[in-house]
Amino acid sequence: MSKPSLPKGTRDFSPVEMVKRNYIFETIKKVFRKYGYAEIQTPSMENLATLTGKYGDEGDKLIFKILNSGDFLGKVDEQLLAARNSQLTTSQVSEKALRYDLTVPFARYVVMHQNEISFPFKRFQIQPVWRADRPQKGRYREFYQCDADVVGSASLLNEAEFVLIYREALINLGLKDFTIKINNRKILSGIAEIIGKPELIVDMTVAIDKLDKIGFEGVTNELIERGFTQADIDQLKPVILLEGSNAEKLESLKQVLATSTLGLKGIEEIETVFNYVSRLTTHNLQPVTQLELDITLARGLNYYTGCIFEVKTNEVAMGSIGGGGRYDDLTGMFGLKDLTGVGISFGADRIYDVLEELSLFPVSAAQGTKVLISNFDAAAEVYALPILQQLRSHDIAAELYPAAAKLKKQLGYADDKKIPYVILIGEDEMKSGKLTLKDMQSGAQQQLAIAEIVGQLAG
RNA sequence: GUGGUUUUAGCUCAGUUGGUUAGAGCGCCUGAUUGUGGUUCAGGAGGUCGUGGGUUCGAGCCCCAUAUUCCACCCCA
């Protein structure tokens, strides 16, 4: 028997880690619910056809496919097999796949349940997703997303509320310095339109998205590689290097995009979101200073059509810890037209890594066992059983050491599990009916009747 | 998909030009203490050196393959 191991990019979660992970999930869920979002879940696997074609060519490659059951090779066309073309053969040997994100399954859900849903439909979903990526810092092959989306409402109030949701959840998690970046796909389209290369919008956004990493010169090189001329770049330069406050950026953009109705529409949308946000925070002591218009923000997904979000922490070097945006026609791929939606996602695993690095997890809110009953011998064990049940009936987390072991060992067990109290039951205690309650932190011991112990521990 | 990197005790890691029986710290077990943990002291257990081949009289160390870790690119949470 060889040593067991785990597939690449996957992890076990220990009891200690689960407490921390649940803390993150609960904090985010609480905010989602507060803003009117209700939880749903979808299966881990979807039909392969539901997922393919939704994430671009790169994304499709990263989908984990599930092999068909039974004699899946026997049914494949001979010629196809002989051609050894994996891409063409895939659809013959695999018809299911693990979900790649939560948004596409959600779109599928909306289409399938359209008759029972009342719109606008606000849902949140916290489940793992899988990507056949190469793992690296902050990147796993199985990780959790925390998504909130609303479909059936074009109002930019939704976008504004997502800004508040991001802000509230991250502040509640203890993060101090983070940036919520916002951009609008229509502005990007407008820019591409102005320089007369609307068909190159994807190449343009991919290139300028890297400004942070490779600088203006690097972006220039990449733009040229992707088919832009020096004249195009001269036109793009003031846009890419846009600086100043959000209001100043918007003013400059209005001039650049003066002749693009699409671009102006994007600017107007951003302004509306900003207005909503400021009105929603009027009575808040702290204004939203973390919201920043970033024209270089592109995001890879093909389906975004309006506002785009991305959240980064400035306290730790880490990829984005959240992202999202508006998609005007996501459900169109499944046959339900003209249903607009907007959503955001928290990357729980990255947030975990960030909180860990910054030591921001609260010192365990004592969720474990509160009291351990020692076990000296068979007689003491029998004596302890009704006491154990009495403690539990008062909602006190209690356990009886399951074997008559040395007290040293039992106290060591309580110490390891950070159980704050131990009840000692021996001959003396059974005779007097007064049990010994030991406070593990101070070491102090008291002789108390069971009712007194319950009173003390329940408080 | 591309390039680099890691793997030796439960954990973190040493291990010289290829040479006898592969080490340390922490943890674990036992005892000092037959009913008192987190401190101390004494003793003990624990290894197919990631896996499979190869070179060699001899491999933890060299070569090949493969898995895995971490990192960068692509892309992305």
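Residue numbers start from 1 in every chain, and the chains themselves are labelled A, B, ... in the order their sequence lines are given, proteins ahead of strands.
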Would you indicate what A:Q145 reaches in the nucleic acid, counting non-hydrogen atoms under 4.0 angstrom: base, sugar-phosphate, or nothing? sugar-phosphate
Expected output: side-chain A:T10 to main-chain A:L6 donor-acceptor under 3.5 Å: no
What is the nucleic acid contact for A:K417, judged by heavy atoms within less than 4.0 Å: base, sugar-phosphate only, or nothing? nothing
Nearest atoms (heavy-atom pairs only) where A:I214 meets A:V219: CD1-N, 3.7 Å
Given A:E46, which partner from the list A:R99, A:K96, A:R108 fulfils the salt bridge (charged side-chain N to carboxylate O under 4.0 Å, His left out) test? A:R108
If I pick the P atom on B:U56 and the same atom on B:A45, what distance separates them, to the nearest angstrom? 39 Å
5' priority, RNA chain B, between A:K213 and A:T10 [closest heavy atom]: A:T10
Would you say A:F143 stacks on B:A77, if stacking means ring centres under 5.5 Å apart and planes within less than 30 degrees? yes
What is the distance, rounded to the nearest whole Å, between atom NZ of A:K8 and atom C1' of B:G1? 12 Å
Once base and sugar-phosphate atoms are separated, protein heavy atoms under 4.0 Å mark nucleotides 32-39 of chain B, 5' to 3', with B, S and - as ---BBBB-
Can you tell me how the ring of A:Y352 sits relative to the ring of A:F361, calling it parallel under 30°, perpendicular over 60° and tilted otherwise? tilted
Reckon A:Y413 touches a base, only the sugar-phosphate, or nothing at all at heavy-atom distances under 4.0 Å? nothing
With rounding to the closest Å, how many angstrom separate the C1' atoms on B:U69 and B:U5? 9 Å
Atom pair distance, as rounded to whole Å: CZ in A:R139 and C1' in B:C70: 14 Å
Between the side chain of A:T340 and the main-chain N/O of A:G152, is any donor-acceptor distance below 3.5 Å? no
In terms of the nearest nucleotide of RNA chain B, which residue is placed more toward the 5' end: A:L6 or A:V311? A:L6
Can you check the distance between B:U68 and B:G25, where both ends of the measurement are the P atom (answer in whole Å)? 34 Å
Could you go step by step and tell me if A:R11 and A:E17 meet the salt bridge (charged side-chain N to carboxylate O under 4.0 Å, His left out) rule? CA-CA 11 Å; A:R11 301 151 295 160; A:E17 289 166 322; over 6 Å; no
Separation of B:C76 C1' from A:K137 NZ (nearest whole Å): 16 Å
On a whole-Å scale, what distance lies between the C1' atoms belonging to B:C11 and B:G1? 35 Å
Expressed as a whole number of Å, how far does the C1' atom of B:G50 sit from that of B:U6? 11 Å
Could you label the plane-to-plane angle of the A:F309 and A:Y166 rings as parallel, tilted or perpendicular, counting under 30° as parallel and over 60° as perpendicular? perpendicular
Starting at atom CG of A:D416, determine the distance to atom C1' of B:C29, rounded to an integer number of angstrom. 14 Å
For B:C75, does either OP1 or OP2 sit under 4.0 Å from a side-chain N or O belonging to A:K210? yes
Find the distance A:R226:CZ to B:C75:C1' and express it as a whole number of Å. 11 Å
With a 4.0 Å cutoff (strictly under), does any side-chain N or O of A:Q136 reach OP1 or OP2 of B:C70? no
Could you state the atom-to-atom distance from CZ of A:R134 to P of B:U68 in whole Å? 10 Å
Would you say A:N68's side chain and A:E95's backbone share a donor-acceptor pair under 3.5 angstrom? yes
A:D349 and salt bridge (charged side-chain N to carboxylate O under 4.0 Å, His left out): which single residue from A:R131, A:R21, A:K20, A:R139 fits? A:R21
What one should report as the nearest heavy-atom pair of A:E159 and A:V273 is CB-CG2, 3.8 Å
Rounded to whole angstrom, note down the P distance from B:A59 over to B:C49. 12 Å
Would you call A:K370 and A:I419 a side-chain contact if the rule is heavy atoms closer than 4.5 Å? no
Atom-to-atom span, CG of A:D133 to C1' of B:G1 - whole angstrom: 11 Å
Just need the stems in RNA chain B: three or more back-to-back Watson-Crick or G-U pairs, each with both distances under 3.5 angstrom, sorted by first number. B:1-4 with B:70-73, B:10-13 with B:23-26, B:28-32 with B:40-44, B:50-54 with B:62-66
How many whole angstroms separate atom OH of A:Y140 from atom P of B:C70? 8 Å
Using atom C1' in both nucleotides, what's the gap between B:G31 and B:U51 to the nearest angstrom? 41 Å
Distance between C1' atoms of B:G46 and B:G3 (Å, rounded): 39 Å
What's A:V422 touching, base or sugar-phosphate or nothing? Going by heavy atoms closer than 4.0 Å. nothing
